[in-house]
Protein chains: 2
Amino acid sequence: MKLTRRQQDIYDILRDNLDHFDQPPTYDELCQLLGLSSRGSLHKHIQALTQAGLLEPMEGLHRGIRLVESVEAEEGIPFLGRIAAGRPIEAISQAALMKVPDEMLTGKSCYVLQVTGDSMIDEGIFDGDYVVIEQRDSADNGDIVVALVNNEEATLKKIVQQPDKVILYPANASMAAMVYKPGEIQIQGVLRGLLRCYL
Amino acid sequence: MKLTRRQQDIYDILRDNLDHFDQPPTYDELCQLLGLSSRGSLHKHIQALTQAGLLEPMEGLHRGIRLVESVEAEEGIPFLGRIAAGRPIEAISQAALMKVPDEMLTGKSCYVLQVTGDSMIDEGIFDGDYVVIEQRDSADNGDIVVALVNNEEATLKKIVQQPDKVILYPANASMAAMVYKPGEIQIQGVLRGLLRCYL
DNA sequence: TAGAATAGAGAACAACCGGAGAACAAATCA
DNA sequence: TGATTTGTTCTCCGGTTGTTCTCTATTCTA
């Protein structure tokens, strides 16, 4: 169902309010947020959203505006942000969904990051490529993982774990491997797929 | 149905706008983008695109210009087979569909091939990777294309076309470029995306 | 060269969108 | 219970936006 601009505004505000308050707003409160002076005008939009299946029908109840729970999710897995060696993952403001081949999905929770930098270039992972990551807290030796170093820097590297140390290998002849103590490294996910767009 | 030049312009702009805004443009906004001063002129083109099945019919709705989402974007595009330099495309027995990110689709007809061999390794295209190809019979210099050589061998190479010759460059330091006469090379498609599965 | 196809300008029209405000009824609160 | 808040319904309005015309210019083709 297609929403008009104002309907979209109102839906966004309602969705936003969900996180901030435990009670739905009254019409008057919503009108104030929207800069309206007439409840009647708002009501028409609320009705349209209900018609569209985005709001539960509210039969006269006060504070009865409620979002429909299972708005059928679009297909795809979330694109979370960028990962660059030596920095935290840079989250993107608006969560977008990205369709990926089923072959890359493992049934576990997965997400997409965009790679910044050339540290994995010898593995054919270039600056600007997208990687599909399976959320996990452990990995096998030789896996390419998203690792959190000292709870602050996120990086994409090939990992080798030994009883007394953890080594992160970049795939770039001009960069050196880094050695850490096991406690300093936290695995956040394992590389499952690569996506690259040409112009 | 074949689009006129202006119709193609408009379609491209609409497709481009999809990524930048969450609401379709109004006629006036589109006119401004196109340098038109009359909504009536635009309307004729919109109608033609609707007729061609590329736009949803908009029954008087404001901001009602909406692209018809192709089945391909929902279900995936066909995986046709393997391509190895020096051999015809090896078709797969049963056609499978593969979901790919919308960003790789151009609205034109696309398909997926699996790459065999290392001839494009310096471009980060490895043996076993999947490539998304847009079906076309022409390309710009520097594009990576699926080219049919002498009507029998298919190959994935970077192309440079000159009036008197066509050069196919592999992206592998240990391989040499090949030079052909224009008539010997037939372009079958242009590289739009790359997919790689890890384990 | 005539005709068709493409492309645009501009005017007039109708529908849609968003809003105001009054009156009413139901829910909630004191 | 009575008063107040809150949701509902209704009519009305104006600007925006899509639609339909007619008219003109340019390009391509038979």
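Keep in mind it's a predicted model, so treat the numbers as computed, not measured. Numbers restart at 1 for each chain; the letters A, B, ... are given by sequence-line order, proteins then strands.
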Next on the checklist: Rounded to whole Å, how long is the line connecting atom CG of B/L42 with atom P of D/dG18?
Outcome noted: 9 Å

Item to check | B/Y198 side chain reached by A/V132 side chain, heavy atoms, under 4.5 Å | outcome: no

Item to check | Pair B/L195-A/M104, side-chain contact (heavy atoms from CB on, under 4.5 Å): steps then yes or no | outcome: CA-CA 9 Å; B/L195 311 167; A/M104 290 183 189; 4.0 Å; yes

Item to check | Candidate list B/D129, B/I83, B/L156, B/I92, test side chain to side chain contact (heavy atoms under 4.5 Å, CB included), partner B/L113, passing option | outcome: B/I83

Next on the checklist: I'd like to know whether B/L14 forms a side-chain contact (heavy atoms from CB on, under 4.5 Å) with B/L55, so could you lay out the CA-CA distance, the side-chain angles of the two residues, the decisive distance to 0.1 Å, and finally the verdict.
Outcome noted: CA-CA 10 Å; B/L14 286 175; B/L55 298 182; 3.9 Å; yes

Next on the checklist: Base contacts versus sugar-phosphate-only contacts with protein, heavy atoms under 4.0 Å: please encode nucleotides 6-14 of chain D as B, S and - from 5' to 3'.
Outcome noted: BBBB-----

Checklist outcome for this item: The residue, A/Q7 or B/R6, whose nearest nucleotide of DNA chain C is more 5′ is B/R6

Item to check | 5' priority, DNA chain C, between B/S38 and A/I10 [closest heavy atom] | outcome: B/S38

Checklist entry - Have A/Q32 and A/D28 got a donor and an acceptor in their side chains that come within less than 3.5 Å? => result no

Item to check | Derivation and outcome, side-chain contact (heavy atoms from CB on, under 4.5 Å), residues A/M178 and A/K157 | outcome: CA-CA 10 Å; A/M178 302 283 285; A/K157 293 282 182 335; over 6 Å; no

Checklist entry - Taking any atom under 4.0 angstrom from a heavy atom of chain B, which nucleotides of DNA chain C are the first and last to qualify, 5' to 3'? => result C/dT6 to C/dC17

Item to check | Atom pair CD (A/Q7) and NZ (A/K44), whose distance is rounded to the nearest 0.5 Å | outcome: 11.0 Å

Checklist entry - Has the side chain of A/D118 got a donor or acceptor atom that lies under 3.5 Å from a matching backbone atom of A/N172? => result no

